[in-house]
Colleague: 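What follows is a single structure, and I will ask about it in a moment.
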Amino acid sequence: MEFEPMIPTSSTGDKTSFAYETARKRWPIIITQAIDDVYRTTGQTDDAAKREEGKKIVNDLATLKYEVQHNRALPPIPDDGVSDVATYNQILESLGKPTWLNVSWLFSECYLYRRISTFFKLSNHWKNYDIFARQKIKTFRSSRPAVLELAARYKDLITQLRAHSTEPVSEEADKLLFTEMCEICLWGNATDLSLLTSLSYEDIQKLQGSEARKKSEANILVNDLEAVYTQLKEAKKAGKKERVVDIVLDNAGFELYVDLILAGYLLTAGLATRVTLHAKSIPWFVSDVLPNDFGALLNALAAPVPFFETATEEEELQGKVPEKLSDKEKEELAFLFQEWSMLHAEGTLGLRANRFWTGPGSFWRLVDPNAGEQTKELAEDLRTSELVVFKGDLNYRKLVGDGEWDPTTPFTEAIGPLGPGSGINILALRTCKADVVVGLRKGLDEELRAKEGGGGDSGSRKWAWNARNQDKRFSSLIFNTRC
Ligand code: F6P
Ligand code: MG
């Protein structure tokens with residue numbers, strides 16, 4: 001069984017790719033931000049031993065940045081006691097002696113975050129430190145207008161669903177609601193911090209909100225939601241008692257918030273009896289959800305006044321006073337908090353982390369018969385699920401192995417051993433932030449390349465690089481049915 005596509009995969013050495021730009025421009029910025037963060041925390045601690053270790057970590061990060069920028073070889077990951085080190089190092093060995101600026105993009109980028117995690121894991125005082133936590137929660141706060149808008153809509157929706165739970169609702173209306181919920185969840189992926197290195201808060205807010213959503217519908221390139229709806233509806237009609245939907249999370253903050261909206265809706269509408277959220281175990285691609293981010297979001301909703309109304313340092317410097325929340329807004333946020341914390345407490349909304357999600361390379365290893373016990377158990381669990389929703393760009397790249405697929409390749413083929421026969425029902429909700437795309441109708445890639453900024457005949461698929469660009473954020477909603 002192969003665990004990477006048998007075709008070329010995206011490389012940081014390919015001048016026409018987003019991988020090329022990422023390795024040379026974005027990674028150094030991301031590492032610099034990590035250095036700033038550790039530096040700041042080090043300066044705030046009174047514990048001398050922790051301070052000393054903090055300085056060492058800053059030094060390790062600076063060395064890593066140097067290695068990347070000077071195209072040094074990737075050394076093996078040091079043993080930090082976690083079982084995935086062996087897999088990382090085996091793959092690294094199989095790649096020869098790759099250097100940062102000419103290596104498989106997917107492998108090296110996972111390696112980058114995994115390597116950073118060793119600096120912390122091998123310390124005594126920083127083991128569970130999240131270098132991106134500050135950025136994540138700050139961006140959630142700046143999503144305030146969209147958070148409030150959705151809180152109001154969610155409360156109305158859940159109240160109505162409960163009121164009408166015994167009356168038959170038209171199939172059409174039901175399907176429409178399902179579609180909208182999934183689309184909200186999809187577009188929540190357009191704001192991820194690793195792409196927002198030069199974006200202002202005003203820009204972040206423009207990416208959210210209902211107007212933006214309606215306009216964006218035309219930008220969905222592959223939409224299989226009807227088949228997904230049928231799948232969930234049929235299982236319900238068949239009277240299956242236990243119907244689980246798994247969501248492999250991507251980013252914290254606003255994206256996690258919309259994931260919870262989708263989860264709450266599926267449970268209330270009876271389209272699932274349990275939802276399991278899958279988080280990462282180490283700081284990952286800047287904004288990905290760690291278990292603590294879930295707690296941080298619930299805390300913000302539980303105490304919205306200090307969260308939204310206390311001025312940040314920047315606001316204080318600019319003399320800005322955050323607007324007060326109205327009583328209605330406070331009530332709507334409290335409703336969300338009560339709903340989600342209750343679902344979580346009673347176990348219908350679960351949260352789990354598994355090291356598999358931060359492994360190297362493609363997700364095809366999920367069905368490796370020689371995988372470790374934890375991965376095997378995970379795969380078995382996902383097989384019993386009605387639907388596994390993979391959020392975001394990186395999860396999509398890992399599903400399709402970041403291969404240089406012809407864009408008309410069917411999704412079911414591009415996901416290799418995860419396709420039909422794997423026993424797993426996969427839905428990918430992804431806004432494009434990388435080169436790889438599959439499942440397009442013939443000619444569409446060419447049409448998009450021909451549009452302004454789409455890449456033209458440069459050989460670059462530029463239209464797919466940047467989901468933050470309001471007019472050019474294209475996405476896929478792709479579904480693979482098990483059979
Ligand atoms: O930097 C690599 C990358 O996977 C990009 O393709 C994408 O911009 C980002 O990281 C992560 O995106 P997401 O949070 O949607 O997975
Ligand atoms: Mg992410």
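All ligand and atom numbering here is 1-based and tracks the order in the structure. Below, all heavy atoms of this structure are taken into account, side chains as well, without hydrogens, waters or symmetry copies.
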Colleague: Please identify which atoms of ligand 1 are closer than 4.0 Å to at least one heavy atom of Asn189.
Modeller: 15 (O)

Colleague: Taking both backbone and side-chain atoms of Trp27, is any N or O found less than 3.5 Å from an N or O belonging to ligand 1?
Modeller: no

Colleague: Check this for me, if you would: do Asp381 and Arg352 make a salt bridge, where the nitrogen-to-carboxylate-oxygen distance has to be below 4.0 angstrom?
Modeller: yes

Colleague: In terms of side-chain geometry, is the basic nitrogen of Glu447 or Arg441 positioned less than 4.0 Å from the acidic oxygen of its partner?
Modeller: yes

Colleague: Could you tell me whether Asn128 atom CG has more than 12 heavy atoms of other residues or ligands within 6.0 Å of it?
Modeller: no

Colleague: What about Thr22: any of its N or O atoms under 3.5 Å from an N or O on ligand 1?
Modeller: no

Colleague: I'd like to know whether ligand 1 has Glu255 as a neighbour, heavy-atom separation below 4.0 Å.
Modeller: no

Colleague: One thing to verify: whether Asp457 and Arg449 come together as a salt bridge, which I'm taking to mean a side-chain N less than 4.0 angstrom from a carboxylate O.
Modeller: no

Colleague: Could you point out which residue of Lys127, Lys121, Arg114 forms a side chain to side chain donor-acceptor pair (under 3.5 Å) with Asp80?
Modeller: Arg114

Colleague: Is Arg40 salt-bridged to Glu313, going by a charged N under 4.0 Å from an acidic O?
Modeller: yes

Colleague: Quick test of your reading of the model: are Glu314 and Lys138 salt-bridged, counting only N-O distances below 4.0 Å?
Modeller: yes

Colleague: I need the contact type for Glu109 against ligand 1. Using non-hydrogen atoms and a strict under-4.0 Å cut-off, is it side chain, backbone, both or neither?
Modeller: side chain

Colleague: Within a distance under 4.0 Å of any heavy atom of Asp393, pick out the atoms of ligand 1 and give their elements.
Modeller: 4 (O), 5 (C), 6 (O), 7 (C), 12 (O), 13 (P), 15 (O), 16 (O)

Colleague: Taking the minimum heavy-atom distance to atom 3 (C) of ligand 1, which of Arg397, Glu21, Lys433, Lys398 ranks first?
Modeller: Arg397

Colleague: Check ligand 1 against Leu394 and write out every atom of the ligand that is under 4.0 Å from a heavy-atom position of the residue.
Modeller: 13 (P), 16 (O)

Colleague: Do any of the N, O or S atoms of Asn251 sit under 2.8 Å from the Mg ion (ligand 2)?
Modeller: yes

Colleague: With respect to the Mg ion (ligand 2), please indicate if Glu255 possesses an N, O or S atom at a distance under 2.8 Å.
Modeller: no

Colleague: Suppose we only allow N, O or S atoms; which atom of Asp288 ends up nearest to the Mg ion (ligand 2)?
Modeller: OD1

Colleague: Looking only at heavy atoms, is any part of Trp105 under 4.0 Å from ligand 1, and if so is it the side chain, the backbone, or both, or is it neither?
Modeller: side chain

Colleague: Relative to the heavy atoms of Ala434, which atoms of ligand 1 are at a distance of less than 4.0 Å?
Modeller: 6 (O)

Colleague: Please identify which atoms of ligand 1 are closer than 4.0 Å to at least one heavy atom of Asn251.
Modeller: 14 (O)

Colleague: Could you tell me, atom by atom, which parts of ligand 1 come under 4.0 Å of a heavy atom of Gly392?
Modeller: 15 (O)

Colleague: State plainly whether the residues Arg461 and Asp435 are in salt-bridge range, i.e. N to O under 4.0 Å.
Modeller: no

Colleague: Test the Arg115-Tyr113 pair against the cation-pi criterion, namely NZ or CZ under 6.0 angstrom from the six-membered ring centroid and within 45° of the ring axis.
Modeller: no

Colleague: Between His278 and Phe356, is a ring-ring contact (aromatic ring centres under 6.0 Å, His included) present by the stated rule, with each step listed?
Modeller: CA-CA 10 Å; His278 297 267; Phe356 176 77; over 10 Å; no

Colleague: Among the N, O or S atoms that Asp250 has, which is closest to the Mg ion (ligand 2)?
Modeller: OD1

Colleague: Between the side chains of Arg26 and Glu21, is the shortest nitrogen-to-carboxylate-oxygen separation below 4.0 Å, so that they form an ion pair?
Modeller: no

Colleague: One residue to check: Asp250. Relative to ligand 1, which of side chain, backbone, both or neither has a non-hydrogen atom less than 4.0 Å away?
Modeller: side chain

